[in-house]
A.B. asks: 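Structure in structure tokens, see below.
Sequence lines set the chain letters: A, B, ... in the order given, protein chains first and strands last, and positions in each chain run from 1. FYI, side chains are in, hydrogens and waters are out, and symmetry mates aren't considered; it's all heavy atoms of this structure.
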There are 2 protein chains.
Amino acid sequence: MARRSATEVAGSRAQTLDAAVQLASLVGLEGLTIGGLAERLGMSKSGLVGRFGSKEKLQLATLDQAADIFRRTVYEPTSATPPGLARLNAICDAWVAYLGRPPFPGGCFLTTAMVEFDGRPGPVNDAVKNVMRRWLALLEREATTAIENGDLPSGTDPADVAFTINALAVGTNCDFQLNRNHSSLQRARRAMAAALAQ
Amino acid sequence: MARRSATEVAGSRAQTLDAAVQLASLVGLEGLTIGGLAERLGMSKSGLVGRFGSKEKLQLATLDQAADIFRRTVYEPTSATPPGLARLNAICDAWVAYLGRPPFPGGCFLTTAMVEFDGRPGPVNDAVKNVMRRWLALLEREATTAIENGDLPSGTDPADVAFTINALAVGTNCDFQLNRNHSSLQRARRAMAAALAQ
DNA sequence: ATATATTGCGGACGATCGTTCTGATTATCG
DNA sequence: CGATAATCAGAACGATCGTCCGCAATATAT
């Protein structure tokens with residue numbers, strides 16, 4: 001008994017992944033179950049598996065989708081801002097806004113995935129590492145420009161700047177998700193500003 | 001009550017909890033299974049359940065044990081240091097050392113528990129909140145003293161200081177667990193020092 | 001010494017997990 | 001139009017999950 005059409009049961013692959021991201025942001029990338037997602041999509045488990053092949057491949061696709069959303073929400077809006085310190089501050093602003101009104105419930109997807117898979121070697125672990133590496137490299141690049149422009153002290157290690165901003169971001173996400181208190185966001189912004197005003 | 005040896009299978013309750021903490025630090029507080037811990041202890045599942053009553057009670061007891069270990073490793077060694085900025089720096093030192101050679105594998109137990117349960121209301125969520133609240137209150141108390149002593153600018157919000165140190169700590173743990181690179185620890189210490197040198 | 005309470009084991013339960021196979025339905029192409 | 005390829009539902013599988021029950025063994029109390 002076909003509902004709608006054979007292929008377009010629960011929408012396109014992109015719609016499937018959007019639902020996966022939303023669900024996984026609440027229960028984690030490991031807590032994301034085939035049966036749970038299938039039910040949410042109104043399709044069968046086997047049908048869902050047919051689309052991705054295995055749970056691990058579903059996790060990888062979901063992580064990719066989340067990374068895309070993160071990039072569009074945090075990186076890209078700052079492309080109009082001049083590189084260097086100004087863009088670094090714009091990224092921090094975008095991040096705090098992203099945390100206050102995340103495109104999916106459950107807070108920062110990448111933080112959860114990082115904690116879930118930091119001790120389990122495998123393809124998902126590798127993928128998480130790559131995403132974080134690109135994010136840190138982006139921060140470091142802007143920090144380098146800021147130092148070249150004289151907007152940060154000349155002795156500054158750009159990797160230190162990237163590390164600090166990222167650590168504050170990840171730590172802020174944990175605090176905010178736990179307490180759901182918007183003062184966390186204000187404190188985070190102040191802490192980031194202070195770190196960039198050394 | 002009787003401790004010691006109806007069968008003396010896996011030692012005392014404290015030994016059981018030590019094993020639980022070690023296991024949960026690797027697989028998380030939710031990934032900590034009755035069967036897995038029982039096997040590790042060389043006892044049966046039902047015997048283990050008899051000790052705690054349910055998985056949730058086991059999680060609560062394990063969290064308490066981890067919080068005790070954290071307190072003994074990070075707080076207490078700094079009790080000899082004068083309150084205020086000096087003790088704040090000592091706590092940061094102790095924290096970084098704790099991260100580099102944690103009393104259990106898998107990094108900071110509380111960070112994992114925080115991420116795992118931040119979206120699941122219940123007794124475990126409440127317990128995690130309490131532990132974090134005490135930890136932040138301790139940091140804030142030292143920050144207040146530091147401000148009173150004139151070691152931090154008079155306009156500083158002590159809660160901001162506590163927030164920043166904690167966020168850096170949590171974020172550092174995530175970075176370090178993912179990449180296993182000791183440079184994270186050095187960067188963390190520098191970031192904390194910079195935050196305390198405003 | 002007898003009675004009671006405590007403790008742990010083996011086994012079983014229902015539920016859910018990821019995965020696989022078969023068959024029916026639909027889309028695509030010659 | 002008919003043949004081929006793709007897609008999804010249904011059912012079942014072995015494994016593992018948390019929990020519960022009955023029974024045997026031990027420790028404590030009277």
A.B. asks: Provide, to the nearest angstrom, the distance between the CD atom belonging to B/Glu30 and the C1' atom belonging to C/dC17.
C.D. replies: 14 Å
A.B. asks: Within this structure, what is the NZ-to-P distance between A/Lys55 and C/dT19, rounded to whole angstrom?
C.D. replies: 8 Å
A.B. asks: Report the distance from atom CG of B/Leu58 to atom C1' of D/dC17, rounded to the nearest whole Å.
C.D. replies: 14 Å
A.B. asks: Determine which pairs satisfy salt bridge (charged side-chain N to carboxylate O under 4.0 Å, His left out) with at least one residue from residues 115-134 of chain B, sequence neighbours left out, and list them in order.
C.D. replies: B/Glu30-B/Arg120
A.B. asks: Please report, rounded to the nearest Å, how far the P atom of D/dG18 is from the CD atom of B/Gln59.
C.D. replies: 9 Å
A.B. asks: Table please: side-chain donor-acceptor pairs of residues 148-158 of chain B below 3.5 Å, with sequence neighbours left out.
C.D. replies:
from     : atom 1 : to       : atom 2 : distance (Å)
B/Thr156 : OG1    : B/Pro153 : O      : 2.7
B/Asp157 : OD1    : B/Ala159 : N      : 3.0
B/Asp157 : OD2    : A/Arg187 : NH1    : 3.0

A.B. asks: Is the distance from OP1 or OP2 of C/dT7 to the nearest side-chain N or O of B/Arg51 less than 4.0 Å?
C.D. replies: no
A.B. asks: What nucleotide among C/dC21, D/dC20, D/dG18 has an atom nearest to a side-chain atom of B/Ser46?
C.D. replies: D/dC20
A.B. asks: Would you kindly give the CG-to-P distance between B/Leu48 and C/dG10, to the nearest whole Å?
C.D. replies: 14 Å
A.B. asks: Rounding to a whole Å, what distance do you find between B/Glu56:CD and D/dC17:P?
C.D. replies: 18 Å
A.B. asks: Return the value, rounded to whole Å, for the distance between atom NZ of B/Lys45 and atom P of D/dC21.
C.D. replies: 15 Å
A.B. asks: Hey, are the side chains of A/Leu139 and A/Ile91 touching, using non-hydrogen atoms and a 4.5 Å cut-off?
C.D. replies: yes
A.B. asks: Is it true that B/Phe109 and B/Val115 fall in one hydrophobic cluster, defined by side-chain heavy atoms closer than 4.5 Å?
C.D. replies: no
A.B. asks: If you find the nucleotide of DNA chain D closest to B/Gly36 and the one closest to A/Gly50, which residue's nucleotide is nearer the 5' end?
C.D. replies: A/Gly50
A.B. asks: To the nearest Å, how far apart are B/Leu29 CG and D/dG18 P?
C.D. replies: 12 Å
A.B. asks: Kindly point out which of C/dC17, C/dC9, D/dT19 is positioned nearest to the side chain of B/Met43?
C.D. replies: C/dC9
A.B. asks: Which part of the nucleic acid, if any, lies within contact of A/Ser44, taking any heavy atom under 4.0 Å across all strands shown: a base, the sugar-phosphate backbone alone, or nothing?
C.D. replies: base
